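Here is the structure we will look at.
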Amino acid sequence: MPQAWNQALVRIASAKDPNALPTDDRVLFYDDRTITIYDKFAKAQYHFLVLPRIPFKLADGREKGNPTQAPPALSATNGKLTLGATSSNVVPASHLRNISALMTSPYVTEVLAAVREASDRVLDHIRDDMQRNYGVTWSIDRAFHAVPSMEHLHLHVASMDLVSARLKHKKHYLSFVPTVDFAQRLDDVDKMVTAGKQALPKSERAYENLLNGPLISHHTGQRFKFFPELKAHLESHWRDTVLAQGRPESHPTSTRSKRAASNGAGEHAAHRRKVECHQLESTAGPNAAESDTDEEPALPLR
DNA sequence: GTTCTAGAAC
DNA sequence: GTTCTAGAAC
């Protein structure tokens with residue numbers, strides 16, 4: 001079975017019972033239409049993947065008579081899409097291969113809404129954990145890779161420290177930073193879909209070429225000649241600018257939560273940290289304004 | 001996608 | 001010496 005590696009997410013998304021998946025797959029949580037897993041090769045301190053499940057069931061009544069979107073006669077845009085759901089109320093798996101396929105699907109809005117809803121929970125989970133373990137929260141992005149390697153649609157939900165031993169190559173960094181167009185952020189994809197776009201604006205080739213671009217810090221705009229230098233910068237930035245805002249005793253390498261649970265002494269510190277965190281986000285560098293837009297109100301979905 | 005390896009380039 | 005690039009993986 002050659003090339004089994006790129007089918008791993010198809011296997012996970014197809015699980016009838018997510019609890020029965022191998023423990024190696026690390027499910028965070030799931031609902032009727034999505035499964036969220038830990039990224040096996042996390043490129044940041046927090047890195048999850050939200051997958052639409054196979055089969056992806058449409059809401060009751062969606063397949064007939066719902067006037068918000070015309071039912072598909074046949075969606076033959078690329079020859080790979082199967083016939084529309086005329087006899088079953090599920091989204092064909094071919095529509096869920098990647099973000100480009102999904103954008104041509106008549107079910108794009110419904111799938112994106114389910115993925116967004118699950119990813120909202122992931123954001124809550126991450127922020128809770130950040131607060132508990134570090135006493136501070138920092139930027140998290142939600143994005144699809146424009147040209148993914150793994151088959152089956154997966155939304156990356158990752159903290160933008162990008163500090164991880166698994167971040168080993170330049171292209172890893174460039175595929176996640178909000179300042180490079182390779183990462184197609186959920187809010188932007190929603191806007192494109194709302195505007196009626198059925199494809200990403202650039203060619204596959206153009207997106208791949210972005211991964212050969214210069215190494216520029218999304219924190220400071222500083223340019224680096226070698227990847228190891230950028231990696232050192234990411235690590236020191238996270239330690240000095242983010243973790244320094246949290247409680248010192250809550251660093252995960254030290255015994256944590258002992259003092260935090262003891263009394264209310266942390267309340268002042270918590271207030272201070274929140275203020276400083278906002279300052280941090282607004283002064284984090286020239287690209288800060290673009291690096292944390294997950295908080296804007298969701299587009300009307302349905 | 002990852003690991004491993006070899007040789008080029010710096 | 002370190003980093004980058006490219007190819008193989010049964």
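All values reported here derive from a predicted model rather than from experimental measurement. Letters A, B, ... mirror the listed sequences (proteins, then strands); counts begin at 1.
In this structure, A/P148 reaches neither bases nor backbone, as no heavy-atom distance under 4.0 Å exists between it and the strands shown. If you check every strand for non-hydrogen atoms under 4.0 Å, A/K168 touches sugar and phosphate atoms only.
Comparing B/dT3, B/dG1, C/dC4 by their closest approach to the side chain of A/H172 singles out B/dG1. Among the nucleotides B/dG1, B/dT2, C/dT3, the one closest to any side-chain atom of A/F226 is C/dT3. Comparing B/dG1, C/dC4, B/dT2 by their closest approach to the side chain of A/S149 singles out B/dG1. Side-chain atoms of A/R166 lie closest to B/dT3 of the nucleotides C/dT3, B/dG1, B/dT3.
Taking atom NZ of residue A/K231 and atom P of nucleotide C/dT3, one finds them 12 Å apart after rounding to whole Å. One interatomic measurement links the two molecules: CZ of A/F224 to P of C/dT3, which rounds to 14 Å at whole-angstrom precision. Residue A/W5 contributes atom CH2, which lies 17 Å from atom P of B/dC4 at whole-angstrom precision. To the nearest angstrom, P of C/dA6 lies 10 Å from NZ of A/K171. Computed from coordinates, the A/K225 NZ to C/dT2 P distance equals 18 Å when rounded to whole Å. One atom, NE2 of A/H169, and another, C1' of B/dC4, lie 11 Å apart when rounded to the nearest Å. For the pair A/H145 NE2 and B/dG1 P, the interatomic distance rounds to 8 Å; values are reported in whole Å. Atom CZ in A/F41 sits roughly 11 Å away from atom P in B/dG1 (whole-Å rounding).
Using a 30° and 60° split on the angle between ring planes, A/F182 and A/Y207 fall in the perpendicular class, above 60°.
A/H156 has its ring centre no less than 6.0 Å from the ring centre of A/F144. Between A/H47 and A/Y38, the distance from one ring center to the other does not fall under 6.0 angstrom.
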* For A/H125 and A/F48, what are the C-alpha separation, side-chain angles and deciding distance, and is it a ring-ring contact (aromatic ring centres under 6.0 Å, His included)? -> CA-CA 11 Å; A/H125 167 82; A/F48 298 94; 5.7 Å; yes
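Evaluated for a side chain to side chain contact (heavy atoms under 4.5 Å, CB included) with A/V111, the options A/L96, A/T34, A/L58 yield exactly one hit, A/L96.
Nucleotide C/dA8 is matched to B/dT3 when pairs are restricted to Watson-Crick or G-U wobble geometry with both distances under 3.5 angstrom.
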